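Working notes for the structure below.
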Number of protein chains: 2
Amino acid sequence: MRIGELAEQAGTTTRTLRHYESLGLLPARRSGNGYRTYDEDDLRLLQQIRTLQDFGFGLEETRPFVDCLRAGHPAGDACPASLEVYRRKLAELDEVIERLRRVREEVGLQLARAEMELAADLPGGPPPRCAFSPPDPERAFSPPDTEQETSTP
Amino acid sequence: MRIGELAEQAGTTTRTLRHYESLGLLPARRSGNGYRTYDEDDLRLLQQIRTLQDFGFGLEETRPFVDCLRAGHPAGDACPASLEVYRRKLAELDEVIERLRRVREEVGLQLARAEMELAADLPGGPPPRCAFSPPDPERAFSPPDTEQETSTP
DNA sequence: GCTGGCTTTGACGTCGACGTCAAGGTCTAC
DNA sequence: GTAGACCTTGACGTCGACGTCAAAGCCAGC
């Protein structure tokens, strides 16, 4: 099977396959005319890579899985090195998710507060009495001026 | 206040401030010698940008907030455009978090399965009888060969 | 006047996973 | 024998938010 067919079968592009090969991730045999040649094993390697990519794994993180398959194991995660990647990724995911959860909460709070302050300012007075300190005029921004400083005159 | 001092006050770098200026996000006045000059308002603008950055906002997404402050409002989110950005970011966060949650679950399942299969293979037979189809020898990978294809002979 | 610390602009580098274009070789079908 | 569909390598572009380096200007203190 040539590069175009493999790309199509895996739902990717030839450029991607050449990129993988340049990283040594998916080396190809060559037929007489110099064309890259792949077989079903390569398709499985590629599918392993793509699956992990969909999970957000970096290409380097897929390497242990690919090596594992190439070593003759029936699955890419049948090797300890792959399991380690799984575990690190899980920890990473937990961290990221927790961070995003906190950000989401904070942004939600900010939105709610800003919406209420806006609603209180627009109609001509705060209709639903809330425990907000109204915008302090002292802290208001001065509009941009054209003042030309001449350093220390 | 010059660029170095502002950077220090905001806990960032001069390069960052010049970058913001190149985007028109934080323009600076100039003193007689050509040095950039900032005031307390600029510091607040910068703090607004940095806060949103910490939340994962892109620089372009901070622009409505900065414009809002520069328009004289007491807060960067006192304008409808800023609220829109909040809302879009919230929706985006929800999507991302949900996607990551699903990935986390899937990776966790894969890890558990792979760990059990590995444990079942190593000690010399599956000790705790589980409902797994054992690795199929037929689907095992053939080790890399050095076969030289000569295309279609 | 000179050293050292600030500043200026300009421009290229980084990271990741490719996209895109160019110039050319190979093969099949008509 | 030639169009068209495939393939090759090489190299630059993309996106974002800066980092890093170079060459030079400005200023305070000694």
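Every chain is numbered from 1, with letters handed out A, B, ... down the list of sequences. Only a predicted model underlies this, so the values are computations on that prediction, with no experimental measurement involved.
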At under 4.0 Å between heavy atoms, which parts of nucleotides 6-21 of chain C does protein reach? Answer with one letter per nucleotide, 5' to 3': B base, S sugar-phosphate only, - none. BSBB-B-----BBBB-
Set of residues satisfying side-chain contact (heavy atoms from CB on, under 4.5 Å) with respect to A:R2, sequence neighbours excluded: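 With neighbours one apart ignored, the set is A:Y35.
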Rounded to the nearest angstrom, tell me the gap between atom CG in A:L6 and atom P in D:dT8.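 Rounding to the nearest Å, CG of A:L6 and P of D:dT8 are 11 Å apart.
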Residue pairs fulfilling disulfide bond (SG atoms under 2.5 Å apart) with at least one residue in residues 80-120 of chain A, sequence neighbours excluded: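 Found none.
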Sequence neighbours excluded - disulfide bond (SG atoms under 2.5 Å apart) pairs with any residue from residues 1-37 of chain B: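 Qualifying pairs, neighbours excluded: none.
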What pairs of donor and acceptor atoms, side-chain ones from residues 78-86 of chain B against any protein atom, are under 3.5 angstrom apart with sequence neighbours left out?
residue: B:S82; atom: OG; partner: B:G76; partner atom: O; Å: 2.7
residue: B:E84; atom: OE2; partner: B:R87; partner atom: NH1; Å: 2.6
residue: B:Y86; atom: OH; partner: B:D77; partner atom: OD2; Å: 2.8

Carboxylate-amine/guanidinium proximity below 4.0 Å for A:R113 and A:E117: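 Counted as a salt bridge, because a side-chain N and a carboxylate O are separated by less than 4.0 Å.
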Hey, does the side chain of B:N33 come within less than 4.0 Å of D:dC27's phosphate (OP1/OP2), counting only N and O?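 Yes.
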For the helix from C:dG1-D:dC30 to C:dC30-D:dG1, how many degrees between its two end axes (five pairs per end), to the nearest 10°?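 What I find for the helix from C:dG1-D:dC30 to C:dC30-D:dG1 is an axis angle of 30°.
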My understanding is that only residues two or more places apart in sequence, or in another chain, count here; which of them pass salt bridge (charged side-chain N to carboxylate O under 4.0 Å, His left out) with B:R104?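 Salt bridge (charged side-chain N to carboxylate O under 4.0 Å, His left out) list for B:R104, sorted by chain: A:D94.
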What residues, two or more places apart in sequence or in another chain, satisfy salt bridge (charged side-chain N to carboxylate O under 4.0 Å, His left out) together with A:R36?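 With neighbours one apart ignored, the set is A:E21.
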Run the side-chain hydrogen bond (donor to acceptor under 3.5 Å, both in side chains) test against A:E106 and tell me which residues pass, sequence neighbours left out.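 Testing A:E106 for side-chain hydrogen bond (donor to acceptor under 3.5 Å, both in side chains), a comparison that skips the adjacent residues, returns A:Q110.
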